[in-house]
Amino acid sequence: MQALYLTSSLRKLEQQYASEPLMERAGHAVATLARTLLAEGHNRILVVAGPGNNGGDAFVAARYLKAWWHEVTVVFAGQRASLPPDAAHAYDGWLECGGEVLNTWPETGAWQLAIDGLFGIGLQRPLTGEMADLVARINALSLPMLAIDIPSGLAADTGVILGTAVRATHTITFLGRKPGLYTLDGPDHAGKVHVDLLGLPPLPEADGTLLDAPFTLPARRRLNSHKGSNGSAGVIGGAASMTGAALLTARAALLLGAGRVYAGLLDPAAPALDADYPELMLRDADQLPTVHALAVGPGMGRSPQAYAALQQALANPAPLVLDADALNLLAADADLQHRLAERASGSVVITPHPGEAATLLATDTASLQADRIASALALAERYQAIALLKGCGTVVATPDGRWWINASGNPGLGSAGMGDTLTGIIVALAAQSLPLLESTLLAAYLHGAAADAAVAHGQGPVGLTATEVMLSARRLLNRWLSTAHAG
Ligand SMILES: NC(=O)C1=CN([C@@H]2O[C@H](COP(=O)(O)OP(=O)(O)OC[C@H]3O[C@@H](n4cnc5c(N)ncnc54)[C@H](OP(=O)(O)O)[C@@H]3O)[C@@H](O)[C@H]2O)[C@@H](O)CC1
Ligand SMILES: [K+]
């Protein structure tokens, strides 16, 4: 797992070490990485430098690459007189070594690599006009593209595209990883992320954490154990024509290790048996026995029966996962919110997609997505629950202000049933006595990693199914457990 830093923290670090030659080190790191991305020998490289210190890094990189006998073209989108001091110094260094600066886009180039030093963490407002045109030209190159610090146009804290943004194949990021590289549009624009601390010690306190490994694993199963030792999971949902959602959750709970799984279905005409998984115990929604962990919402609808089932579930002290229509019901009803508030803080996880999350916060999806971390934190605070905000770079936040971004997963997860599966994984882990936050963090990473493994086996991203993801998740969890518990 890796630390994530907001711009405000990185700025403090920059100030603290202002006397260190950070730009020189940054430019050298860019040039060094560029060299490893290029074939041996003489190469042609395009460097685009912007009006701030990100441009300064680009001038330093250009100087090193020229010294290493590459042919470097520098396009500068700014004025020498307006550059900040370090960047002006880097500009002069480039001229002094015989480099040229172009103020317009060169007609021909035949470059092997482009370096994007247009904007870094100082970008504050959307790119328009000439700057937006420049990004369009950069993106039209179809070249390996190395972004300095962050792809120009991407907001470092949020992953929001400010007008337009460079699509890099690699990003070398300085002093610490920025959350914007990992959520919303960040992953599409950053490519492979490389980190360089510029010779400084890492910041002592991270703002957030990147989930790029299993957060934790359930304890080793004792030989002397039985189904009662592995916990019971319950799922409430499955109104008429939506029983499939609840069954997917229940199946995922079974496959991820709950000792017993009960599905309480709201559809009075629901089948008495899941023919593919007769291990599941199907009941009426109001006939569930006491369970160790409960999931409410998949395919539940918003009927009075669904409302009553949710009301009852909130009174149940077992760890609770609320998903789908349980969230819509909750958002619309003060009594349900009051019942949730009466529970122990953090004994519930809510797992909204951005639309549901917007409803829960009484806002619109665009505003919610404009800062996914802040939105997840607001959800956690507002509902005193663990909040898992789905989407590219799922964000998990706690009521006490901690947050994580999940790094696993791929576009194959964009199909029906994937959310039901995630809910089933969380409830399975919680039923097996893993604390709810740990269950949520492990499930988020496992769900994405399972999809990644399935894609690696040719099962997606096109046409990947929720069933394939849960089977893949079972394989992966067992592999992690056998590695962790070996010897
Ligand atoms: N400081 C350090 O110690 C170190 C910093 N380092 C490097 O510096 C980078 C941060 O540099 P930075 O703060 O100068 O900001 P940067 O991203 O270059 O952009 C600012 C410029 O862009 C302009 N501008 C903004 N928005 C605009 C728009 N929409 N359209 C047009 N213009 C716009 C803005 O103009 P203004 O808003 O003032 O009008 C200003 O001129 C960081 O990412 C890393 O690469 C490393 O060397 C390590 C040490
Ligand atoms: K950049």
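Ligands are counted one by one from 1 in listed order, and the atoms in each one are counted from 1 as well.
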*Which ligand 1 atoms does Leu198 reach within 4.0 Å, using its non-hydrogen atoms?*
48 (C)

*From Thr171, does some N, O or S atom reach closer than 3.4 Å to the K ion (ligand 2)?*
no

*Where on Glu20 is there a heavy atom closer than 4.0 Å to ligand 1, on the side chain, on the backbone, on both, or on neither?*
neither

_Between Gly120 and the K ion (ligand 2), is there a contact where an N/O/S atom of the residue lies under 3.4 Å from the metal?_
no

*What N/O/S atom of Asp116 gets nearest to the K ion (ligand 2)?*
O

_Using 3.4 Å as the threshold, say whether any N, O or S atom from Val166 sits that close to the K ion (ligand 2)._
no

_Any nitrogen or oxygen of Pro126 lying under 3.5 Å from a nitrogen or oxygen in ligand 1? Just yes or no._
yes

*asked:* Please state which option from Leu118, Leu127, Leu10 has its nearest heavy atom closest to atom 30 (N) of ligand 1.
replied: Leu127

*Checking only N/O/S atoms, does Ile148 have one that is under 3.4 Å from the K ion (ligand 2)?*
yes

*asked:* Residue-level breakdown please: for Asn53 versus ligand 1, do any non-hydrogen atoms fall below 4.0 Å on the side chain, on the backbone, on both, or on neither?
replied: both

*Is there a heavy atom of Arg25 sitting under 4.0 angstrom from any atom of ligand 1?*
no

*What do you reckon, does Ile121 have a nitrogen or oxygen under 3.5 Å from a nitrogen or oxygen of ligand 1?*
yes

*With a cut-off of 4.0 Å, which atoms of ligand 1 are near a heavy atom of Gly120?*
16 (P), 17 (O), 43 (O)

_Any nitrogen or oxygen of Gly122, side chain or backbone, less than 3.5 Å from one on ligand 1?_
yes

